[in-house]
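Inspection log for the structure reproduced underneath, given as structure tokens.
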Amino acid sequence: VGNDATQYVYRHTIRTVLERIIGQLLDDRRLDSISITDRGFGDRTWELNEKTISPSSLDKIVPLQNENGLTYNRCPEFAFRQPFVTAVEEATLLWPDPIALTQTGHVVPEVVHMTNQRRTPRAVTSAVLNSPVAVAKAKFGRTSSENSIRSIECAAVLQIRWNNYYHWIVEHLAKLRGLEQYEKKTGSTAKIILPEDPASYMTQSLEMAGISSEDWITWPGDQMVVNELVVPSYPELTPGVLKWLQESILSSELMDTTSPKRVFVSRQKAKKRRIRNCNSFKSMLEEHGFVTKFMEELSFEDQVRLVYN
């Protein structure tokens, strides 16, 4: 036990130090409208023309966002930028998070996250620890010339380390809106890259959004070169995004008004965050007409039908 604890502390220390170093070395420029132009991606970038919140309005919504005395600040999670989609030539995908590197060796932050300053260094650190040689080759532009590396013509990544229900719905499924814009502007369709063993809610929600199984591939985590990597800006929970999700997924046959109006979504079958006094709590809710449902037992389509009412 002592050796295991020592090894854990050792690995954790190395990872923490490496994340800080990588965080300092990473190019802070994001793939936004300014840096895209600087890097030559301007002619392959298209905005979605959505009404966004101005920086001055954001200051009023979150007046303490620049307060130095705050030890924790969630405001940078949302920047309320103009959403866009861009195309990056000959990008290299590396496991396990994944990350994407351009021909010039720059990390494409939008593949990992939007403004989160922890996720990108963490993702790069994982790639360095997992495949240091592959990262070095990709960093110095030696990947595309190797015939043994898998390649694909045009694709977009819809996965990160946390491939759970929340991150999929909020951070990945909404990227289809950017892919629609790319297809409209170029006439080309990007293959969607999913995890090696995608969850049923991933494939079912894609199918409900009009994406067939022929439109996606699964990625086992090997190194891959994408000749044209389509990168939608990281989705934010704006009215435009929520409206698009509703219109893309909700068909007329799913608009069920006969489902229960009072629903208790139970977590008792989850691994954590369960209610200790669930039986007494459930009984109290039933007295007020609540019906208990386990989302794990429902298909994605049935979940949509349930919560529509």
Nearest 0.5 Å, what's the CG-CD distance between Leu242 and Glu247?
11.0 Å

Taking the side chain from Gln159 and the backbone from Pro98, do they hold a donor-acceptor pair closer than 3.5 Å?
no

Do Leu179 and Ile192 have side chains that approach each other closer than 4.5 Å (heavy atoms only, starting at C-beta)?
yes

Could you check if a side-chain atom of Val170 sits within less than 4.5 angstrom of a side-chain atom of Pro235, using non-hydrogen atoms only?
no

Co-membership, hydrophobic cluster, residues Met295 and Leu173, 4.5 Å side-chain
no

Kindly give the heavy-atom pair with the smallest separation between Met208 and Val304, and that separation in Å.
CE-CG2, 4.2 Å

If you measure from CZ on Arg274 to NZ on Lys269, what distance do you get to the nearest 0.5 Å?
12.5 Å

Nearest heavy-atom neighbours spanning Val263 and Phe290
N-CD2, 3.7 Å

Are side-chain heavy atoms of Ile99 and Val111 found at a separation under 4.5 Å?
no

Could you check whether any side-chain N or O of Ser248 sits under 3.5 Å from a backbone N or O of Leu245, counting only pairs where one atom can act as donor and the other as acceptor?
no

Donor-acceptor pair, distance only, cut-off 3.5 Å: does the side chain of Gln223 make one with the backbone of Arg150?
no

Closest non-hydrogen atom pair between Leu158 and Pro195, with its separation
O-CD, 4.4 Å

Interatomic distance, Glu296 atom CD to Ser200 atom OG [nearest 0.5 angstrom]
11.0 Å

The test is side-chain contact (heavy atoms from CB on, under 4.5 Å); show your working for Leu206 and Asp215 and say whether it passes.
CA-CA 10 Å; Leu206 285 174; Asp215 298 324; over 6 Å; no

Phe281, Val291: one ILVMFWY side-chain cluster at the under-4.5 Å cut-off?
no

Please determine whether residues Leu194 and Ile249 belong to a single hydrophobic cluster, defined as Ile, Leu, Val, Met, Phe, Trp and Tyr linked transitively by side-chain heavy-atom distances below 4.5 Å.
yes

If you compare all heavy atoms of Tyr182 against all heavy atoms of Ala87, which two are closest, and at what distance to 0.1 Å?
CE1-CB, 4.3 Å

Please round to the nearest 0.5 Å and tell me the distance separating atom CD of Glu90 and atom OG1 of Thr102.
10.5 Å

Between Ser233 and Phe84, is there a donor-acceptor pair closer than 3.5 Å when you use the side chain of the first and the backbone of the second?
yes

Quick one: does Leu48's side chain get under 4.5 Å of Trp244's, heavy atoms only?
no

For a 4.5 angstrom cut-off between non-hydrogen side-chain atoms, does Val230 reach Val85?
yes

Donor-acceptor pair, side chain of Lys191 and main chain of Glu214, under 3.5 angstrom
yes

The test is side-chain contact (heavy atoms from CB on, under 4.5 Å); show your working for Asp197 and Thr218 and say whether it passes.
CA-CA 7 Å; Asp197 185 21; Thr218 57; over 6 Å; no

At what distance, to the nearest 0.5 angstrom, does CD of Glu47 lie from OG1 of Thr86?
11.0 Å

For the residue pair Trp216 and Thr203, establish whether any side-chain heavy-atom pair is separated by less than 4.5 Å.
yes

When the ring planes of Tyr165 and Phe300 are compared, do they come out parallel, tilted or perpendicular, using 30° and 60° as the limits?
tilted

Applying a strict under-4.5 Å side-chain criterion to I, L, V, M, F, W and Y, I'd like to know whether Leu250 and Trp168 cluster together.
yes

Under a 4.5 Å side-chain heavy-atom rule over Ile, Leu, Val, Met, Phe, Trp and Tyr, are Leu306 and Phe264 clustered together?
no

Rounded at 0.5 Å granularity, tell me how far CD1 in Ile275 sits from OG in Ser280.
9.0 Å

Would you say the side-chain atoms of Arg262 pair up with the backbone N or O of Gly289, donor to acceptor, closer than 3.5 Å?
no

4.5 Å side-chain heavy-atom contact, Tyr234 and Val112:
no

Electrostatic pair Arg44-Glu228, nearest N-O below 4.0 angstrom
yes

Are Arg305 and Glu301 within salt-bridge range, i.e. N to O under 4.0 Å?
yes

Closest contact, heavy atoms only, Glu110 versus Lys175:
O-NZ, 4.2 Å

Side-chain heavy atoms of Ile211 within contact of Ser205, under 4.5 Å:
no

